[in-house]
Amino acid sequence: MRVRFAPSPTGGPHLGNIRTALFNWLLARGAGGAFMVRIEDTDQARLVHGAVDETLEALRWLGIDWDEGPDVGGRHAPYYQSQRLDRYHAAAGNLMDAGKAYPCYCTPERLQQMRAEQARGKQHVGYDRRCRALTAEERRARQDGAPSVVRFAMPKDGTTSLKDVVRGCVSFENELIDDFVLLKSDGFPTYHLANVVDDHDMEISHVLRAEEWLPSAPRHLRLYEAFGWTPPVFAHLPIILAPDRSKLSKRHGAATVTEYREMGYLPQAMTNFLALLGWSLDDRTEEFSADELIKAFSLERVSRSPAVFDSDKLVWLNGHYIRRLTHRDLAEALLDFWRRYPPAEFPPPRDLDLMTRIAPLVRERLKTLRDAAPLVQFLFKKVDYDPSVLVQKRMDEAGALDALKQARAVLGALPSHDAASIEGALRPLAGKLGLKAGQLLGVLRVAATGLKVAPPLFETMEVLGRDRTLAAIDDALDKLSAYSAITPG
RNA sequence: GGCCCCAUCGUCUAGUGGACUAGGACGGCGGCCUUUCAAGCCGCAAACACGGAUUCGAAUUCCGUUGGGGCCA
């Protein structure tokens with residue numbers, strides 16, 4: 001089995017394309033076959049600079065590796081279509097020699113006019129095959145000078161049937177398929193020609209592609225036939241839709257893997273989620289590692305109906321994967337993430353030990369890696385806050401001030417600054433002060449972290465350390481006294 | 001507009017003629033837990049698009065309608 005992922009570098013690694021890449025890869029890895037990447041860069045006008053690198057990087061990030069393709073080469077190199085033009089010309093030439101393709105000299109103006117007339121007459125819109133009828137002499141007469149394209153001579157009647165692995169038998173009326181272009185006037189091949197030639201040359205056995213290509217399948221089948229080649233097995237995968245049920249695109253917000261990476265999603269969550277868009281194993285299994293997916297994946301269980309991309313479930317799955325990370329792995333993931341995408345709150349830190357100690361306190365509070373910076377910022381900088389937030393519900397400033405003083409004294413006198421000791425000291429103190437635990441801890445939470453929402457207090461104080469904790473309380477004391485002095489009552 | 005594909009809770013899906021009072025997950029709602037925020041646990045609501053036909057029996061087969069999507073223009 002040999003399969004491929006054939007992206008056009010006309011944009012970033014779109015989620016739909018990457019899902020297709022993933023299915024191809026899963027199939028190959030599960031069958032011990034080969035997976036290759038081929039860059040379909042023949043549409044020169046739409047090339048986007050950096051798109052190839054971004055797409056390859058997305059694959060690497062997700063753990064999708066390729067046996068042949070850019071970077072690694074392979075015995076069918078080159079893997080860029082723009083470097084295989086000779087091949088397409090030769091192939092088109094062969095078809096012309098065999099009378100299965102022909103040059104067309106119709107001008108864009110004529111074609112446009114033709115279509116307008118067809119539309120007005122409510123006829124089927126398509127090339128009228130005028131140049132197909134040209135005699136050898138007529139062709140020779142136009143050969144030089146006149147810009148031309150090469151068109152495929154489609155059968156004029158009958159049907160073309162595709163046996164699709166996920167859709168079953170699909171038939172198309174040949175008369176409704178016009179003589180499509182093989183080579184454009186600029187000498188570049190169309191998608192149809194290049195795709196078929198390369199898939200054959202590269203010995204692709206299974207073509208898994210999105211359903212949007214289903215309408216071009218009969219053209220491809222006829223091309224294979226004209227060349228005398230055996231077509232591959234086709235599987236048209238359900239398309240991925242945006243929540244508004246239209247094709248997922250940029251205007252729906254994030255649509256590329258790169259963007260999800262930047263939003264703090266884990267590659268394993270992304271892979272797992274994408275795999276479940278259009279495929280399922282059974283009625284209950286939701287979690288799959290890459291290895292499990294490779295074992296479980298099969299084309300038989302690919303669904304036919306389009307799947308709406310629901311990011312809520314991705315968010316949940318991501319949080320789930322974050323919680324399954326070891327403390328050390330989460331710490332590393334965060335440091336890596338911040339290095340690549342520096343947070344707004346503080347400069348990217350490097351202290352892996354510190355992060356490993358804070359990781360268990362934040363991991364069930366994270367849905368994405370991006371959620372971490374606001375929660376742990378107090379470790380890396382002094383967080384400014386308004387002194388009034390120290391004062392908890394049903395407390396006044398004097399009470400808060402007193403609570404801070406007492407807590408300062410108790411914590412300062414503690415022989416060991418660990419979470420259990422801190423808790424053992426502070427809970428009784430709350431009672432002594434006539435406060436609920438939540439009130440006292442609320443004051444101290446703001447004092448210690450500058451945040452109203454923060455990780456659990458006792459452990460946080462332990463990670464912060466005695467000196468920084470006491471200094472933060474002293475600071476809060478100063479702030480609150482100054483604040484009380486200017487707000488009478 | 002033409003061609004093609006699709007149709008189970010809001011979403012992802014299980015379901016291939018009887019075990020379906022239609023299962024799971026996300027999300028929603030309610031509760032428990034609780035030191036803020038989460039996480040976790042428990043519970044509830046929520047779907048077979050519609051109409052015919054076949055059959056003793058249909059979510060499951062066939063036909064049509066409607067709806068959605070894709071491709072081409």
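The chains referred to below are lettered A, B, ... by the order of the sequence lines, with proteins before strands, and numbering in each begins at 1.
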Take atom [atom1] in [N] and the same atom in [M], then report the distance between them in whole Å.
N     : M     : atom1 : result
B/G2  : B/U65 : P     : 13 Å
B/A45 : B/G30 : P     : 15 Å
B/A59 : B/C50 : C1'   : 14 Å

Touch class at under 4.0 angstrom, heavy-atom based, for [X] against every strand present:
X      : result
A/P306 : sugar-phosphate
A/P238 : nothing
A/S216 : nothing
A/K247 : sugar-phosphate
A/G278 : sugar-phosphate
A/F309 : nothing
A/R323 : sugar-phosphate

Ignoring backbone atoms, establish whether [X] has a side-chain N or O less than 4.0 Å from OP1 or OP2 of [N].
X      : N     : value
A/R209 : B/G70 : no
A/R284 : B/U13 : no
A/R427 : B/U35 : yes
A/K393 : B/U36 : no
A/K313 : B/U13 : no

task: Answer yes if the side chains of A/H14 and A/T55 hold a donor-acceptor pair under 3.5 Å, and no otherwise.
output: no
query: Side chains of A/N174 and A/T160: donor-acceptor distance under 3.5 Å anywhere?
result: yes
- request: Side-chain contact test, heavy atoms from C-beta onward, threshold under 4.5 Å: evaluate it for A/L429 versus A/L440 and give yes or no.
  value: yes
Candidates [options] - which lies nearest the side chain of [X]:
X      : options             : value
A/L241 : B/U13, B/G69, B/U11 : B/G69
A/E212 : B/U13, B/C71, B/A39 : B/C71
A/L441 : B/U13, B/G68, B/U35 : B/U35
A/V170 : B/G70, B/U35, B/C4  : B/C4

- request: Would you mind telling me which residue lines up with the more 5' stretch of RNA chain B, A/V453 or A/L276, judged by nearest nucleotide?
  value: A/L276
- prompt: Mapping A/R445 and A/H320 onto RNA chain B by nearest heavy atom, which one lands closer to the 5' end?
  reply: A/R445
query: To the nearest angstrom, how far is A/L361 atom CG from B/A39 atom C1'?
result: 13 Å
- request: I would like to know whether A/Y191 and A/H220 meet ring pair (Phe, Tyr, Trp, His ring centres under 6.0 Å); could you show each step before the answer?
  value: CA-CA 10 Å; A/Y191 166 81; A/H220 299 172; 5.6 Å; yes
field: Distance-only donor-acceptor test, A/E286 side-chain atoms vs B/G24 base atoms, 3.5 Å
entry: yes
message: Is it the case that B/C37 (base atoms only) and A/R365 (side chain only) share a donor and an acceptor within less than 3.5 Å, ignoring hydrogens and angles?
response: yes
Sidechain N-carboxylate O distance under 4.0 Å for A/K479, A/D384: yes
task: Is it possible for you to check whether A/K367 lies under 6.0 Å from the centre of the six-membered ring of A/Y265, through NZ or CZ, and within 45° of that ring's axis?
output: no
Any strand is fair game: report the nucleotide pairing with [N] by Watson-Crick or G-U wobble, both distances under 3.5 Å, or none.
N     : answer
B/C3  : B/G70
B/G30 : B/C42
B/A25 : B/U11
B/A53 : B/U61

A/D199: which of A/V197, A/V196, A/N195 passes side-chain contact (heavy atoms from CB on, under 4.5 Å): A/N195
